[in-house]
Colleague: 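After the structure tokens below, expect a handful of questions from me.
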Amino acid sequence: MILDGYNTTVGSRFKIKDKVAETIKLLQTTQRLDQIDNRGVYGVDHKNDFGLPKFVYPISVFNYKREPVTVLDQRTYFNSVGKNINVPEYNIMLLASILQQDLQQDNLTLVKTVRPYTIKAFANAFGNAIARTVTLDVLQKMTLRIIIAHYFVCLFENPSVDFTFISQNAISRSL
């Protein structure tokens, strides 16, 4: 599975500008990336950019060994002498890279830790989008949000567990 922010609504407008298809092909064949994190997050900086176009979002690919890795472009956060010129944004993008790599390796620990927040955000976003297109009263909107939250919980759980019990606990803490 290849994960990248360019397949989202926000990132799709950068897909052509940042030459993402060509960048992914180059990243899959190179051995010259610096490892940032021991989970499999690598970085492109001024020393090893080898002509790659700059890219905004971290990209997860399979490298030349067919291992899942996530690549972060550090050139926008560090100057040519290696000094970090945008610490807060770099930290957010590094966290996004680590999270993306964890998801690619099916490590959902961090996602499940903040599950109440993600359930609420997911249920509210989709619930409000659907509620705007049809006329729903307050009770129907709440029921819709609960159904969407249950769906979200089921996406991340093992099929052999009791979905109802886990979903009830997770939704009661989040909504």
Side-chain angles (χ1 to χ4, degrees), residues 1-129 148-149 151-153 155-158 170 174:
M1 165 173 51
I2 294 179
L3 301 170
D4 65 64
Y6 295 98
N7 289 332
T8 64
T9 305
V10 175
S12 62
R13 60 187 135 161
F14 296 108
K15 198 169 197 169
I16 303 295
K17 179 183 152 280
D18 291 351
K19 301 176 184 166
V20 174
E22 296 87 0
T23 302
I24 288 174
K25 288 176 187 169
L26 285 169
L27 291 174
Q28 287 175 328
T29 58
T30 186
Q31 301 177 31
R32 298 181 352 182
L33 297 173
D34 292 333
Q35 189 168 6
I36 299 173
D37 184 79
N38 60 1
R39 295 179 179 146
V41 178
Y42 291 83
V44 175
D45 57 17
H46 294 286
K47 291 178 275 185
N48 69 352
D49 70 351
F50 51 91
L52 272 175
K54 289 185 178 180
F55 50 97
V56 179
Y57 301 111
I59 300 175
S60 293
V61 297
F62 291 104
N63 66 2
Y64 66 99
K65 296 179 186 176
R66 301 299 301 153
E67 298 168 337
V69 298
T70 300
V71 182
L72 171 66
D73 190 349
Q74 297 178 319
R75 294 171 290 181
T76 55
Y77 309 110
F78 289 89
N79 61 15
S80 58
V81 294
K83 184 177 184 214
N84 193 331
I85 55 175
N86 194 348
V87 176
E89 191 172 327
Y90 174 74
N91 289 339
I92 292 293
M93 293 311 281
L94 180 60
L95 176 63
S97 302
I98 292 169
L99 256 173
Q100 199 166 306
Q101 181 65 16
D102 281 351
L103 288 174
Q104 185 164 338
Q105 294 175 336
D106 291 329
N107 180 4
L108 302 175
T109 306
L110 188 57
V111 174
K112 286 186 177 183
T113 303
V114 295
R115 181 162 45 191
Y117 304 109
T118 55
I119 290 172
K120 185 173 186 173
F122 186 82
N124 285 340
F126 278 101
N128 290 337
I148 293 171
Y151 171 74
F152 182 81
V153 171
L155 283 176
F156 288 103
E157 287 301 324
N158 188 342
S174 61

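Both backbone and side-chain heavy atoms feed into the values below; hydrogens, waters and symmetry mates do not.
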Colleague: Give the minimum heavy-atom separation between His46 and Asn79, together with the two atoms involved.
Modeller: CD2-O, 3.4 Å
Colleague: To check you understand the geometry: which heavy-atom pair defines the closest contact between Arg75 and Lys54, and what is its length?
Modeller: NH2-CA, 3.3 Å
Colleague: Below 4.5 Å, heavy atoms only, C-beta onward: do Tyr77 and Leu94 meet side chain to side chain?
Modeller: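 No. Closest side-chain heavy atoms not under 4.5 Å.
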Colleague: Have a look at Ile36 and tell me which of Leu72, Ile98, Asp45 forms a side chain to side chain contact (heavy atoms under 4.5 Å, CB included) with it.
Modeller: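 Filter result, single survivor: Leu72.
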Colleague: For the residue pair Arg39 and Gln105, what are the closest heavy atoms and their distance?
Modeller: O-NE2, 3.3 Å
Colleague: So which atom in Val87 and which in Asn84 form the shortest heavy-atom distance, rounded to 0.1 Å?
Modeller: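 Shortest heavy-atom contact: N-OD1, 3.4 Å.
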Colleague: Do the side chains of Val69 and Gln35 get nearer than 4.5 Å, heavy atoms only?
Modeller: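 Not in contact.
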Colleague: Is there a side-chain contact between Met93 and Pro58 (heavy atoms, below 4.5 Å)?
Modeller: yes
Colleague: Rounded to the nearest 0.5 Å, what's the gap from CG on Asp37 to CG on Asp102? Could you check?
Modeller: 8.0 Å
Colleague: Show your reasoning for whether side chain to side chain contact (heavy atoms under 4.5 Å, CB included) applies to Val44 and Asn48.
Modeller: CA-CA 6 Å; Val44 175; Asn48 69 352; 4.1 Å; yes
Colleague: Would you say the side-chain atoms of Gln100 pair up with the backbone N or O of Thr70, donor to acceptor, closer than 3.5 Å?
Modeller: no
Colleague: Working to the nearest 0.5 angstrom, can you tell me the gap between Phe156 CZ and Asp106 CG?
Modeller: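 The CZ atom of Phe156 sits 10.5 Å away from the CG atom of Asp106.
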Colleague: Heavy atoms, side chains only, cut-off 4.5 Å: are Glu89 and Thr76 in contact?
Modeller: no
Colleague: Step by step, work out the side chain to side chain donor-acceptor pair (under 3.5 Å) result for Ser60 and Gln104.
Modeller: CA-CA 8 Å; Ser60 293; Gln104 185 164 338; 3.1 Å; yes
Colleague: Please work out which of the three classes, parallel, tilted or perpendicular, describes the rings of Phe78 and Tyr90, given edges at 30° and 60°.
Modeller: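 Perpendicular.
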Colleague: Under a 3.5 Å distance rule, please check whether Asn128 uses its side chain to pair with a backbone N or O of Asn124 as donor and acceptor.
Modeller: yes
Colleague: For Phe126, does the CZ atom have more than 12 heavy-atom neighbours from other residues, nucleotides or ligands under 6.0 Å away?
Modeller: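 Not buried by this count: 12 neighbours or fewer within 6.0 Å.
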Colleague: Which pair of non-hydrogen atoms, one from Ser174 and one from Lys120, has the smallest distance, and what is that distance?
Modeller: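 In terms of heavy atoms, the two residues are closest at O-CD, 3.5 Å.
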Colleague: Which atoms form the tightest heavy-atom contact between Ile148 and Gly127, and what is the distance?
Modeller: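 Heavy atoms only, the tightest pair is CD1-N, 3.6 Å.
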